[in-house]
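Some notes on the structure that comes next.
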Amino acid sequence: MSLLDSFLIRATLAGLGVALAAAPLGCFVVWRRMAYFGDATAHAAILGVALSLALSINIFAGVLAVALIMALSVTTLSGRGYAMDTLLGVTAHSALAFGLVAVSFLQGVRVDLMAYLFGDILSVGRGDLALIWGGSVAVLALVGWRWQALLTATLNPDLAYAAGINPRREELVLTLALALVVAVAIKVVGVLLIGAMLIIPAATARPFAATPERMAIMAAGVAALAVLGGLQASLIYDTPAGPSIVSLAAVLFAISALARAVLGRKSRQ
Amino acid sequence: MSLVHLQGLSVRLGGHAALHHVDLAIEPGEIVTVVGPNGSGKSTLLRTIIGALAPQSGAITRKPGLRVGYVPQKLHIDPTLPMTVRRFLDLPKRASDAQAEAALTEAGAGAYSARQMAALSGGQFQRVLLARALLNAPELLILDEATQGLDQPGSAAFYQTIADLRDRLGCAVLMVSHELHVVMAASDRVICLNGHICCEGAPEHVASAPEYRALFGTGTGGALALYRHEHSHSHDHDHTHSHDHEAAE
């Protein structure tokens with residue numbers, strides 16, 4: 001009866017929803033050098049999938065819970081004798097391993113793990129669409145609300161303290177938003193490719209942006225382009241949709257890097 | 001009322017006592033310089049005052065609603081973060097173009113507005129940091145080794161800007177520095193720190209105090225005298241006058 005009846009339209013809208021939320025968040029991930037944090041949260045999501053299936057609860061809720069727990073524990077534990085990358089390595093891979101082991105216990109349930117690893121954007125339903133856009137809008141609202149404070153804390157924690165901003169709290173906001181994006185993106189690009197949707201658009205936008213805001217907006221544009229083009233390509237060449245989207249994003253990044261090299265150092269100034 | 005008042009302040013950093021029993025009050029309009037060897041707790045003291053570190057014991061009393069302008073020791077801006085000077089001045093609070101322009105001019109960074117922070121030289125960068133700190137009309141300006149990496153004339157010019165700002169805006173200044181002779185000449189009060197306050201007072205007093213000499217040797221005393229001598233001559237007359245006047249009040 002409506003536009004949403006078409007699976008392609010639903011897939012496109014789902015992809016755009018994730019792209020819009022992931023882009024500004026991805027900028028912070030790049031600026032704060034926490035690329036591996038996104039990956040680790042995503043790996044933990046597999047455990048969330050397994051637990052949701054075992055307890056027969058909503059997968060989105062399960063993934064969100066596990067991603068949140070993992071993000072919060074890493075944030076809390078960091079600076080207590082372990083380096084951040086060590087903690088991430090431990091939690092990410094152990095969560096993934098526990099997740100895969102847990103999946104093997106699920107008898108009678110045929111789990112299509114591939115769907116969660118690489119996403120299944122073409123099977124997005126109306127409910128999924130509502131969830132994705134709800135999550136994306138929540139992430140955008142959260143990041144928009146804390147934007148100035150997040151930027152100040154990203155620049156320098158002491159600068160934030162002197163202005164009455166608690167950088168630890170802002171870090172927590174970012175962590176929360178990241179967990180939410182991972183949870184909504186799992187259906188679209190899957191666990192293994194969420195990191196790409198966070199980082200590649202931001203990195204692609206960097207050479208052409210003079211301010212943080214422009215970089216976030218351009219990153220959103222790049223991500224949207226990758227979603228639209230990637231979906232078309234997957235339809236034409238019959239390739240998997242999630243990986244096609246990420247591949248196109250990577251091509252855009254290569255073009256951007258090339259342009260930066262051609263423009264020389266001028267583009268950095 | 002003092003802007004900031006520290007009573008019996010002790011701070012531990014990673015299990016070691018970085019500061020113990022520090023008593024200190026900063027009064028409106030004064031320039032206080034903290035000197036001390038590496039690891040003496042200078043940065044720890046400033047970071048505790050801005051609220052980045054929690055004291056283990058003792059009390060910090062800040063004047064209610066105290067406006068602090070903070071210039072960090074070193075600000076590393078990740079190359080992946082694009083940031084023009086103008087945008088930087090909007091953190092954490094948006095400033096109007098007129099305010100931004102005024103602060104940049106005040107800090108001697110008038111022409112840099114459209115430049116990327118990463119493209120500034122060390123001296124230009126520090127002046128932009130100073131301009132940002134001036135934006136909320138600070139009652140207390142806190143500078144942590146703000147001239148690190150500047151050459152001698154560069155840092156002398158920077159401290160001259162600080163002294164001029166104090167005279168014009170009437171803000172108190174609390175700063176940390178290695179460059180004893182340059183900094184001490186511009187200070188009303190010098191605090192010699194080494195985990196605790198070894199000695200404090202007027203620059204001449206501290207420079208001749210045995211505790212200070214034990215930490216820094218006797219050589220700097222002569223350099224201080226020499227520098228002050230040159231300083232008063234190179235200064236324009238009007239300014240020296242108003243400065244003396246204020247000091248006499």
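The chains referred to below are lettered A, B, ... by the order of the sequence lines, with proteins before strands, and numbering in each begins at 1. The figures here come from the full heavy-atom set of this structure, side chains too, leaving out hydrogens, waters and symmetry mates.
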Between Arg33(A) and chain B, with a heavy-atom cut-off of 4.5 Å, which part of the residue counts as in contact: side chain, backbone, both or neither? side chain
Crowding at NE2, His20(B) (>12 non-hydrogen neighbours, <6.0 Å): yes
Euclidean distance, Leu91(B) CG relative to Trp147(A) CH2, rounded to 0.5 Å: 10.5 Å
Could you tell me which non-hydrogen atom of Asp158(A) sits nearest to which non-hydrogen atom of Ile50(B), and how far apart they are? O-CD1, 3.5 Å
By a 4.5 Å heavy-atom criterion (distance strictly below it), what part of Arg86(B) contacts chain A: side chain, backbone, both, or neither? neither
Any Leu151(A) side-chain heavy atom under 4.5 Å of Leu81(B) side chain: yes
Shortest non-hydrogen pair, Thr80(B) vs Arg206(A), comes out as O-CD, 3.0 Å
Shortest non-hydrogen pair, Gln116(B) vs Ala210(A), comes out as NE2-O, 2.7 Å
Flag the pair His76(B) / Asn156(A) as yes when at least one side-chain heavy-atom distance between them is below 4.5 Å, and no otherwise. no
Is there side-chain contact between Leu155(A) and Phe88(B), with at least one heavy-atom pair below 4.5 Å? yes
Just so I understand: if I count every heavy-atom pair under 4.5 Å between each of Glu213(A), Met215(A), Arg32(A) and chain B, which residue has the most? Glu213(A)
Just so I understand: if I count every heavy-atom pair under 4.5 Å between each of Thr84(B), Val71(B), Val68(B) and chain A, which residue has the most? Thr84(B)
Any side-chain heavy atom of Trp31(A) within less than 4.5 Å of one from Pro82(B)? yes
